[in-house]
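Take a look at the structure set out below.
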2 protein chains.
Amino acid sequence: MVNARDVIGALEHGGYRLTAPRRALASLVAGREGHFTADDLLDAARRRHLGLGRATIFRALDALAELGIVERIDLPSGEHAFVACEAAHHHHVVCSSCGRATWASDHGLERVAAEIGRETGYRIDTHRLELFGLCAECLAAKAST
Amino acid sequence: MVNARDVIGALEHGGYRLTAPRRALASLVAGREGHFTADDLLDAARRRHLGLGRATIFRALDALAELGIVERIDLPSGEHAFVACEAAHHHHVVCSSCGRATWASDHGLERVAAEIGRETGYRIDTHRLELFGLCAECLAAKAST
DNA sequence: GTCCAGTTGCGACTGAGTCTCAGTATCTTG
DNA sequence: CAAGATACTGAGACTCAGTCGCAACTGGAC
Ligand SMILES: [Zn+2]
Ligand SMILES: [Zn+2]
Ligand SMILES: [Zn+2]
Ligand SMILES: [Zn+2]
């Protein structure tokens with residue numbers, strides 16, 4: 001989760017022009033706890049009559065991904081979605097029930113990656129870890145039924 | 001990498017009918033070291049005049065994924081690809097240069113996942129780790145230039 | 001205020017993946 | 001081995017995410 005001010009600040013800092021559509025996008029992305037697709041944003045924009053074009057949303061999302069404000073994730077279903085997050089290296093834990101995404105630090109992963117590199121003979125450059133399960137709330141909700 | 005016999009055996013064992021198109025598919029998938037897309041297979045099929053339909057390839061690939069003979073991976077570019085592999089839980093290391101995919105065991109990952117679960121309060125059900133880098137051969141090739 | 005590169009929205013386009021359906025091939029059972 | 005039930009197939013229409021080209025617009029530097 002991230003707030004609109006941060007998004008706008010990052011755009012400004014990244015040398016992007018601060019345009020009305022981008023401000024609008026920032027407000028759409030801000031405060032989201034779960035993952036969202038480009039089309040989710042498009043729907044939201046339409047509902048608020050922001051008049052954003054499809055292409056603009058994709059382009060802005062690319063820019064935000066570039067800046068690390070937003071990250072692409074691949075859901076098990078094969079869909080592409082985004083989560084708002086901070087730029088530092090981290091991994092996402094995604095609730096398969098409500099879609100909420102939480103980020104987690106690396107714990108011992110770098111070591112695991114290094115070991116796998118040694119085992120396979122590869123020079124590992126990047127890695128992507130995605131975890132799926134039930135968040136605390138959905139777990140509680142499920143237990144109480 | 002996997003051989004055609006294994007693929008066919010798995011299909012048979014999984015309750016699927018052993019049809020000519022599926023045998024053909026098995027021979028296309030067998031022996032591949034790298035990742036491939038559905039369209040790669042379609043091209044290969046056309047080149048060998050196997051007369052496989054587009055839909056058939058997608059359906060067969062789904063079946064193989066179901067059986068664990070093949071696994072969907074998501075390339076950093078956003079493309080969906082497949083790798084042939086064994087059914088046991090494992091992770092893929094993908095060469096960003098030649099596309100070769102090697103599989104690696106879990107090393108300490110289960111522990112990392114458990115720890116992330118504890119940190120975030122999630123009950124982690126599944127995880128997906130994909131590593132990208134340069135394979136030993138590409139590394140050597142690069143060094144010798 | 002002027003100016004221009006960066007940006008926008010539109011609509012056409014692409015390409016992956018799905019669906020439908022009539023025809024075909026496989027397996028089972030006798 | 002024949003026959004029936006049914007799983008499977010290929011063709012093509014279709015959907016939907018994402019991209020592209022372009023004319024119009026605008027943020028912000030001077
Ligand atoms: Zn949840
Ligand atoms: Zn990491
Ligand atoms: Zn390689
Ligand atoms: Zn694992």
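Every chain is numbered from 1, with letters handed out A, B, ... down the list of sequences. Small disclaimer: the values here were computed from a predicted structure and weren't measured. Quick note: numbers below take in every heavy atom, side chains included, and nothing from hydrogens, waters or symmetry partners.
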**Request:** With sequence neighbours left out, write down each residue that passes salt bridge (Lys or Arg N to Asp or Glu O under 4.0 Å) with Arg123(A), or none if nothing qualifies.
**Result:**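 By the salt bridge (Lys or Arg N to Asp or Glu O under 4.0 Å) rule, Arg123(A) matches Asp125(A).
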
Do [X] and [Y] have side-chain atoms, one donor and one acceptor, less than 3.5 Å apart?
| X | Y | value |
| --- | --- | --- |
| His90(B) | Asp106(B) | no |
| His91(B) | His127(A) | no |
| Glu119(A) | His107(B) | yes |

**Item:** Full working for side-chain contact (heavy atoms from CB on, under 4.5 Å) between Leu28(A) and Phe36(A)
**Value:** CA-CA 10 Å; Leu28(A) 290 178; Phe36(A) 50 89; over 6 Å; no

Using only atom types and a distance under 3.5 Å, with no angle test, would you say the side chain of [X] pairs donor to acceptor with the backbone of [Y]?
| X | Y | answer |
| --- | --- | --- |
| Arg23(B) | Ala4(B) | no |
| Arg46(A) | Leu41(A) | no |
| His80(A) | Gly78(B) | yes |

**Item:** DNA chain D contacts among residues 37-53 of chain A, heavy-atom distance under 4.0 Å
**Value:** Asp39(A)

Length of the line joining [X]:[atom1] and [N]:[atom2], which is rounded to integer Å:
| X | N | atom1 | atom2 | value |
| --- | --- | --- | --- | --- |
| Leu61(A) | dT19(D) | CG | C1' | 14 Å |
| Glu66(B) | dA7(D) | CD | C1' | 16 Å |
| Ile57(B) | dG12(D) | CD1 | P | 16 Å |
| Phe58(B) | dA11(D) | CZ | P | 15 Å |
| Phe36(B) | dA16(C) | CZ | P | 16 Å |
| Asp62(B) | dC19(C) | CG | P | 10 Å |

**Asked** Looking at DNA chain C, which of residues 6-24 of chain A put a heavy atom within less than 4.0 Å of it?
**Response** Tyr16(A), Arg17(A), Thr19(A), Pro21(A), Arg22(A)

